[in-house]
Structures are given as C-alpha cells and as structure tokens.
Amino acid sequence: TKRNLSSLKHELTHVLMREKGVFPFYASWSTGLTEGSAMSVEPEYDGVYTLDEHAARILQMKYAEGVAQVMSFTGFAANASSKSYVLAGSFTRYLLATYGPSPFDRVYSSLDFEKEYGKPLDTLESEWKRWLAPLMTYLNQGDSAHFRYYYDRSSIIFSPCLRRIGKLERNAASEFEAKHFNE
C-alpha cells in the first residue's frame, strides 16, 4: 500500500544483499551489517534530521559510545532498536562513501574488518566518529527533547515484562493527550 512505500527501499536492500549473505539465512551474521546496509540507502531519516545527524546526536548526547557493539552478533539487540538501526546505518553509509561497495560486500559475509578494510573495527569506528563530528552542533531544548524521545531508552530485552511496556505506552498516550509532553 502507498503508506508502506517508505520501507520499500529498506526491504529491497535486504533482498539484494542476499547474494552477499551466508547460509542458512543468506544475511550477515552481524545484524548491524544486515540492518546497516538497509538503513544506509535512505539517508533522510525522519523528515527533520538525516540518519547521520541522528547518529551524531546519539554520540553527542552519550546514548552510545560508538558502533562496535552494534556490529557484534548480539550487540545489535542489546541496545534500543532505534539506536542500533541508526548507528549501523550511519556507519555503513560512512564505509560505503569512504571505501566503496567492494570491501563492504566482503565484510558482510566475512565479518573480518581488518582483512577487508586493512584496518580493525575500532580504527574504522574512530574515522566514522570524526566524519560525524561536524554534525555535533549546539542543541536547543527542542532538539534535545527530539533526540531524547528517540534514544533515551534501553533495549526491550532488558525490560522485565512486556506488560510493563504496555503500561508505559498507555501512560505515555494519556500524558500526550493531556499535552504533558515532558512526562
């Protein structure tokens, strides 16, 4: 349907990356690389800020130290999904813009950053952070609230109960309706 067209590029990227993936799912064993490749094709993230601006703000506001954890097998799920998707997508955009698609195609299946890029992941991560540094500008109160809304949360796997999440969502809807936006 028309309202779902916005995710089409993302999902088609997964289809196209299948040939670079590994058995049995024909994806990368790094969820960060799998989702990063799909996120990287749509740099306009939310209609207000770009994917890279979101990533820069995550780092600037100390909601993450970097992207290395997101690239590990379980690290992607250890963070709030919104944070993991953005960091992985921005990092992938950096790798593709800086080094081209060939090493990314290879690292997608090998997971060996040092072999494919000639540099370890922590060095690539440092380069990416320097690439994002110009986007780390002054945040006014509205900007801060915007990014807190997206990223000041933990992974669902660290929540003790799904009923708690439902209760939080009901409370948030009630506060929103009452125009108590900070709550």
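Heads up: numbering here begins at 1 and tracks the sequence.
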Could you pull out all residues at least two apart from [X] that satisfy side-chain contact (heavy atoms from CB on, under 4.5 Å)?
X: N140; value: Y138, D143
X: K115; value: D112
X: E42; value: K9, H10

Do [X] and [Y] have side chains that approach each other closer than 4.5 Å (heavy atoms only, starting at C-beta)?
X: V67; Y: Y94; answer: no
X: K129; Y: S126; answer: no
X: E127; Y: K119; answer: yes
X: H14; Y: E11; answer: yes
X: K83; Y: D152; answer: no
X: R93; Y: P43; answer: yes

One pair to check against side chain to side chain donor-acceptor pair (under 3.5 Å): S110 and E116. What are the steps and the verdict? CA-CA 8 Å; S110 76; E116 309 307 347; 3.0 Å; yes

Short question: side chain of [X], backbone of [Y] - any donor-acceptor pair under 3.5 Å?
X: R57; Y: T137; answer: yes
X: Y117; Y: F104; answer: yes
X: E175; Y: N182; answer: no
X: T92; Y: A88; answer: yes
X: S37; Y: T34; answer: yes
X: T98; Y: L95; answer: no

Evaluate whether atom CD of E177 has more than 12 neighbouring non-hydrogen atoms of other residues, nucleotides or ligands under 6.0 angstrom away. no

Identify the two heavy atoms, one from [X] and one from [Y], that lie closest to each other, and give their separation to 0.1 Å.
X: V70; Y: S84; value: CG1-O, 3.7 Å
X: L87; Y: G66; value: CD1-O, 3.6 Å
X: A68; Y: E125; value: N-OE2, 2.8 Å
X: M39; Y: G89; value: CB-CA, 3.6 Å
X: P101; Y: L96; value: CA-CD2, 3.7 Å

Report the distance from atom [atom1] of [X] to atom [atom2] of [Y], rounding to the nearest 0.5 Å.
X: L33; Y: E35; atom1: CG; atom2: CD; result: 10.5 Å
X: S82; Y: D46; atom1: OG; atom2: CG; result: 11.5 Å
X: M71; Y: L121; atom1: CE; atom2: CG; result: 7.5 Å
X: Q141; Y: R148; atom1: CD; atom2: CZ; result: 7.5 Å
X: S109; Y: E19; atom1: OG; atom2: CD; result: 11.0 Å

Sequence neighbours excluded, the answer for ring pair (Phe, Tyr, Trp, His ring centres under 6.0 Å) partners of Y85 is F76

Listed once per pair and sorted, the side chain to side chain donor-acceptor pair (under 3.5 Å) pairs that draw on residues 23-33, sequence neighbours left out: none

In the hydrophobic clustering (ILVMFWY, side-chain contacts below 4.5 Å, transitive), which residues join F176, or is it alone? F181

Going hydrophobic residue to hydrophobic residue with side-chain gaps under 4.5 angstrom, can you get from L132 over to V48? yes

Should L16 and V41 be counted in the same cluster of Ile, Leu, Val, Met, Phe, Trp and Tyr side chains packed under 4.5 Å apart? no

Exactly one of Y63, Y45, Y49 should register a ring pair (Phe, Tyr, Trp, His ring centres under 6.0 Å) with F147. Which one does? Y49

Using the ring of each side chain (for Trp, its six-membered ring), is Y151 parallel, tilted or perpendicular to H54, with breaks at 30° and 60°? perpendicular

Mind telling me whether W128 and F91 have parallel, tilted or perpendicular rings, with 30° and 60° as the class edges? perpendicular

